[in-house]
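To keep things clear, I will list the structure first and then write my remarks on it.
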Amino acid sequence: MNPRLERLQPYPFERLRALMQGITPNPALPLISLSVGEPRHPTPAFIQKALNQNLAGLSHYPATLGSTELRQAIADWIKRRYGLEAVDAACEVLPTLGSREALFSLTQVLINPDMPQAIAVCPNPFYQIYEGAALLAGAQPHFVNADPAQGFRVDYASVPEDIWKRTQVVFTCSPGNPTGGVMTLDEWKVLFELADRFNFSIISDECYSEIYHDEAHPPLGSLQAAQLLGRKGYSRLVSMGSLSKRSNVPGMRSAFAAGDRNLIQGFALYRTYHGSAMNPAIQAASIAAWSDETHVVENRRLYREKMSAFYEIVHPVMPLEKPEAGFYYWAKTPMADTEFSRLLLSSAAVAVLPGSLLARTAHRLNPGQDRIRIALVGSLEETLEAAKRLVNLITSLQEKA
Ligand SMILES: Cc1ncc(COP(=O)(O)O)c(C=O)c1O
């Protein structure tokens, strides 16, 4: 067996199950689960129809690169969304089976296992795939804490030079899970300059890019930032977008990697051997999904409605920061996050994710400590009910204090 497997940490939901062992959710109330970030809005009918109408494609082996039509639909979407002048569908875009597998597999491509003490820089809190992908590729993760006092900005400038010298990959997550923070053009400028100086690649995870709350101000994308800063050919950058959250198809496993053509070429070669070509019916459904924005506008409206309603009820007793994007509240807890999450489940039958499970202790601090991640993925009714139960718990704690 590969000894690097032993370095993998238990996944947050495994740790959550262990933490909640022996806790019985209040039996008088139906359980409301806000712990998993899985979209629960219905999949649009036109996407299901495109999938059904293209089942004949199952009789062929699909190409690793995906169909020309799919790569073009993705390139067209990226250009429209980010106002890009040029995206070469043939060389700068690759369909992937969700962004999770792409984050993992691209890391295997970009890390040089012969370089001793290679480092992958990760935000903290973070999506756990970054860490596992780095460890299995033979790199050590170096965590940079997201500072709540700075709008959850990840201060890349704070990373010491001896770390940058060994860095091969930097993961960015913008909009961030769980914080909802969006990287600014200035932050991209700093990071691109560091990438040029220290010769590393950037894997930009943007799977929440379409879940934003001000229709007039979509989050800045990494490819857009590269163009605005005058960088040629998206050098050193691969951006990852996904249909899972945007189009409510987490089960379809459809996403893309786009950017630096040399990196995309290496990734395509790796994928040929890895064997990760997209099912032809899913390719057809993905073309339909990337070509339509109406359903995405409606999807955002549903999230906005829930985010606002939840805020109105909860904020007066438990101060919340409104995120720029995403469907999470990253809320501060009145006691240890693990204890509060257990109490919320036992007394109010509401499941959330304790923040400390989404972060590592780095620089003497676990930035998830005393925070919970509340995923507003259920119905409006469930969201309102959960908000009321949360308020009741906080009020009763305040009365006892
Ligand atoms: C930050 C982040 N990145 C990537 C993913 C994976 O998304 P998918 O593989 O569905 O595209 C998730 C899923 O929850 C996520 O939260």
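Remember, it's 1-based here, ligands and their atoms both numbered in the order they're listed.
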I need the atoms of ligand 1 closer than 4.0 Å to a non-hydrogen atom of Asn177, numbered in the order shown. 1 (C), 15 (C), 16 (O)
Is ligand 1 under 4.0 Å from a heavy atom in the side chain of Pro250, in the backbone, in both, or in neither? neither
Which residue and non-hydrogen atom of the protein lie closest to atom 10 (O) of ligand 1, and at what distance in Å? Ser244 OG, 2.6 Å
My understanding is that only one of Tyr127, Phe126, Tyr130 makes a ring pair (Phe, Tyr, Trp, His ring centres under 6.0 Å) with Phe171; could you say which? Tyr130
Atom 7 (O) of ligand 1: the protein heavy-atom neighbour that sits closest, reported with distance to 0.1 Å: Ser99 OG, 3.3 Å
Closest protein heavy atom (residue, atom, distance) for atom 1 (C) of ligand 1: Asp205 OD2, 3.3 Å
Does Tyr208 come within less than 4.0 Å of ligand 1, judged by its heavy atoms? yes
Restricting to pairs with a member in residues 41-62, which pass salt bridge (Lys or Arg N to Asp or Glu O under 4.0 Å), not counting sequence neighbours? none
Name the closest protein heavy atom to atom 14 (O) of ligand 1, giving the residue it belongs to and the distance to 0.1 Å. Lys245 NZ, 2.6 Å
Nearest-0.5 Å distance, CZ of residue Arg15 to CG of residue Leu358: 9.0 Å
One finds that the ligand 1 atoms under 4.0 Å from a non-hydrogen atom of Cys207 are 2 (C), 3 (N), 4 (C), 5 (C), 12 (C), 15 (C)
Which ligand 1 atoms does Gly98 reach within 4.0 Å, using its non-hydrogen atoms? 9 (O), 11 (O)
Can you name the closest pair of heavy atoms from Gln283 and Ser67 and give their distance? OE1-N, 2.7 Å
So is Arg253 close enough to ligand 1, meaning a heavy atom under 4.0 angstrom away? yes
Can you confirm whether or not the ring centre of Phe310 sits under 6.0 Å from the ring centre of Tyr329? yes
Say whether Ser356 and Asp337, considering side chains only, have a donor N or O and an acceptor N or O under 3.5 Å apart. yes
Not counting sequence neighbours, which residues clear ring-ring contact (aromatic ring centres under 6.0 Å, His included) with Trp290? List them please. Trp77, Phe256
Using distance alone, decide if ligand 1 has a nitrogen or oxygen within less than 3.5 Å of any nitrogen or oxygen in Ser242. yes
Of the listed options Tyr127, Tyr328, Phe126, closest to atom 6 (C) of ligand 1 (non-hydrogen atoms): Tyr127
So Trp164 and Tyr156, would you call those rings parallel, tilted or perpendicular, with 30° and 60° as cut-offs? tilted
Just wondering, are more than 12 heavy atoms of other shown residues or ligands nearer than 6.0 Å to CD in Gln398? yes
Contact atoms of ligand 1, heavy-atom distance to Cys173 under 4.0 Å: 1 (C)
